[in-house]
Amino acid sequence: MEEMLFYDRMQFAFTITFHYLFPQLTMGLSLIIVYFKWKYLRTNNEQYNHATHFWMRIFALNFAMGVVTGIPMEFQFGTNWAKFSELTGGIIGQTLAMEGMFSFFLESSFLGIFLFGEKLLGHKWHFVTGLLICIGSWASGYLIIATHSWMQNPVGYEILENGRFVLTNFKALFLNPWLWPSYLHNQAASMVTSSFVVAGIGAFYILSKKNLTYGKLFVKTGVIFGLISCVIVAVPTGDLLAKNVVKYQPVTFAAMEGIFHTEKKGSEIVLIGQPDVKDKKLDNKIAVPNILSFLTYGSWHQEIKGLDQFDESVHPTNISGLYYAYHIMVGLGTIFIGLMAFAVLQLCRKKLFETKWILWSLLFMLPFPYIANTAGWYTAELGRQPWLVYNLLRTAEGGSPTVSSGNTLFTLLGFIGLYLLLGMLFLLLVGKIINKGPHTEKI
């Protein structure tokens with residue numbers, strides 16, 4: 001049973017990690033595309049419309065890859081996680097169905113019109129279709145996060161005698177205190193990814209001395225959007241989400257921060273350290289005293305419960321993985337803020353496009369927001385373990401006993417091979433679009 005559960009989790013972790021590489025770009029990029037189209041309507045500068053066409057092609061490829069890689073996850077609910085679906089389908093089935101029928105339908109329906117209907121619609125209605133795509137994309141994220149938030153902090157439910165969960169308060173599902181901080185944090189993180197992609201490709205154009213006009217436009221747009229979104233990820237959304245973890249999942253917070261023992265006179269914030277779960281300590285740590293208590297409660301000496309205050313049966317099952325995922329996310333986020341702040345400062349000084357180290361940094365950092373977003377999701381998922389529905393349904397109780405570990409491993413290997421080919425094809429197609437450049441796009 002443990003082997004089967006391990007492969008079930010590995011398969012879902014791999015498929016959802018690969019899948020989310022694409023929606024995190026489409027959600028943020030949809031807003032940047034709308035911005036470019038709006039700027040064209042305001043200025044009648046063809047450069048903005050060419051930029052719109054350029055990025056909507058990359059958006060379309062991302063969207064297609066997101067659809068292809070998202071479908072297998074739906075099937076996994078009915079195969080590897082059949083018991084989970086049976087018990088909780090009355091609740092999570094509603095938000096997932098709404099995501100497919102409303103937001104995905106809105107996004108996919110208007111994408112074709114936006115791609116091919118500009119001449120027929122005219123520029124103003126073309127802008128409206130782009131805006132509807134953006135709304136559909138962000139609504140999709142909202143409904144997925146609503147599902148995830150219910151698993152993290154279940155509300156508005158009743159458990160029947162047969163163990164099934166039923167929704168008793170539909171409004172509570174969308175007023176979940178876990179929902180809005182999570183959603184805004186996720187969307188701001190999506191904007192960070194999109195901003196770095198836009199700025200990184202712009203930096204590539206400038207450094208390679210081609211498409212310089214568009215390179216400067218992309219870098220300028222990317223760093224401005226990037227600085228705003230990087231700050232929002234940290235404050236207020238990241239701060240609010242961390243306080244939610246403290247309130248609703250205190251044992252998770254202790255593991256995230258590496259607090260093995262409760263400190264009565266205030267908790268330190270650990271900058272560097274390696275968790276030794278066996279001996280319940282952090283090795284080689286560098287920490288600042290009392291900062292964590294102040295950031296969490298606004299008091300230098302407020303006690304924060306350590307893992308020693310909770311029964312080991314409810315400890316996160318992978319404390320080391322959770323600790324590292326959280327610190328990778330926070331560490332990269334801090335670097336992002338610093339880099340974007342320097343870039344905007346140089347932009348204001350009108351020296352950004354000649355500052356090579358910033359341009360090279362923007363290009364080099366392009367993949368790192370993907371890593372930070374993945375680490376953030378791992379933090380959320382590893383933090384909830386050993387529960388599928390926090391404090392109500394354990395992960396071990398949600399698997400399907402009729403699907404063998406051998407079958408799951410076989411399909412996992414198949415997914416790895418197939419997704420490797422898809423990923424290479426995607427990079428090849430995006431590379432061709434970037435190599436052609438915006439100025440060759442016909443309107």
Side-chain angles (χ1 to χ4, degrees), residues 2 6 9 13 151-154 177-178 181-182 185 233-335 372 374-396:
E2 288 184 4
F6 171 78
R9 294 181 65 193
M151 294 168 65
Q152 295 283 2
N153 182 48
W178 195 281
S182 299
H185 187 68
V233 164
V235 181
T237 64
D239 179 62
L240 290 173
L241 190 52
K243 288 176 179 176
N244 260 353
V245 177
V246 173
K247 182 176 181 180
Y248 298 104
Q249 298 181 9
V251 63
T252 300
F253 187 77
M256 284 164 48
E257 295 286 358
I259 306 173
F260 286 96
H261 303 284
T262 303
E263 299 172 19
K264 299 294 183 181
K265 296 182 179 180
S267 292
E268 61 191 10
I269 189 166
V270 178
L271 304 179
I272 297 175
Q274 300 86 50
D276 182 347
V277 179
K278 180 180 178 181
D279 294 327
K280 297 179 172 54
K281 64 176 184 176
L282 286 175
D283 294 330
N284 308 310
K285 71 176 180 179
I286 299 175
V288 182
N290 300 92
I291 293 293
L292 187 60
S293 291
F294 179 77
L295 293 176
T296 306
Y297 291 106
S299 171
W300 296 102
H301 303 292
Q302 178 68 42
E303 175 186 302
I304 296 179
K305 291 183 178 181
L307 289 169
D308 59 339
Q309 298 294 307
F310 304 93
D311 191 276
E312 289 194 10
S313 65
V314 298
H315 283 192
T317 51
N318 188 348
I319 293 173
S320 296
L322 172 60
Y323 171 89
Y324 283 122
Y326 173 68
H327 282 79
I328 288 170
M329 175 189 68
V330 172
L332 286 175
T334 304
I335 293 171
T374 301
W377 271 107
Y378 278 24
T379 300
E381 297 305 303
L382 292 173
R384 193 182 67 244
Q385 298 300 321
W387 308 95
L388 280 173
V389 180
Y390 195 73
N391 270 342
L392 296 174
L393 179 66
R394 285 186 173 265
T395 304

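For this chain, numbers begin at 1 and follow the sequence in order. The figures that follow rest on heavy atoms only: side chains count, while hydrogens, waters and symmetry mates do not. This is a predicted model, so every value here is computed, not measured.
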Enter the distance from M151:CE to L388:CG here, rounded to the nearest 0.5 Å.
-> 5.5 Å
Kindly compute the distance separating OH (Y248) from CD (Q152), expressed to the nearest 0.5 Å.
-> 12.5 Å
How long is the gap from CD on Q309 to CD1 on I259, to the nearest 0.5 Å?
-> 11.0 Å
With the side chain counted from C-beta on, respond yes when H315 and L307 share a heavy-atom pair under 4.5 Å apart, and no when they do not.
-> yes
Find out whether V288 and L271 are in side-chain contact, i.e. whether some heavy atom of one side chain is under 4.5 Å from a heavy atom of the other.
-> yes
Search all heavy atoms of G273 against all heavy atoms of Y323 and return the closest pair with its distance.
-> O-OH, 3.0 Å
Could you tell me which non-hydrogen atom of I319 sits nearest to which non-hydrogen atom of P316, and how far apart they are?
-> CG1-O, 3.4 Å
Heavy-atom side-chain contact between E257 and Y326 under 4.5 Å | yes
Just how far is it from atom OG1 of T379 to atom CH2 of W377, taken to the nearest 0.5 Å?
-> 11.0 Å
Which distance, rounded to the nearest 0.5 Å, do you find between the NE2 of H327 and the CG of L332?
-> 12.5 Å
For the residue pair F253 and L292, establish whether any side-chain heavy-atom pair is separated by less than 4.5 Å.
-> yes
Does the side chain of T395 come under 3.5 Å of the side chain of Q385 through a donor N or O and an acceptor N or O?
-> yes
For the side chain of N244 and the backbone of P177, is there at least one donor-acceptor N/O pair under 3.5 Å apart?
-> yes
Are the side chains of K280 and D308 in touch, meaning some heavy atoms are under 4.5 Å apart?
-> no
For the residue pair L295 and I269, what are the closest heavy atoms and their distance?
-> CD1-CD1, 4.0 Å
Under 3.5 Å, is there a donor-acceptor pair between the side chain of D311 and the main chain of S313?
-> yes
Is there a side-chain contact between H185 and V233, using heavy atoms and a 4.5 Å cut-off?
-> yes
E381/R9 salt bridge by N-O under 4.0 Å criterion = no
How close do K247 and P250 get, heavy atom to heavy atom, and via which atoms?
-> O-CD, 4.2 Å
Looking only at atom types and distance, does a side-chain atom of N290 sit under 3.5 Å from a main-chain N or O of K265, one as donor and one as acceptor?
-> yes
Under 3.5 Å, is there a donor-acceptor pair linking the side chains of E303 and Y297?
-> no
Would you indicate whether the side-chain heavy atoms of L322 and T252 approach each other to under 4.5 Å?
-> yes
Heavy-atom side-chain proximity of I328 to Y378 below 4.5 angstrom | no
Taking S293 for its side chain and S299 for its backbone only, find out whether a donor-acceptor pair lies under 3.5 Å.
-> no
Rounding to 0.5 Å, atoms CG (L282) and CD (E268) come to a distance of 8.0 Å
Taking the side chain from H261 and the backbone from G306, do they hold a donor-acceptor pair closer than 3.5 Å?
-> no
Does the side chain to side chain contact (heavy atoms under 4.5 Å, CB included) test come out yes or no for Q249 and W178, once each step is laid out?
-> CA-CA 11 Å; Q249 298 181 9; W178 195 281; 3.7 Å; yes
For residues Y324 and P275, report the shortest heavy-atom separation together with the two atoms involved.
-> OH-CD, 3.4 Å
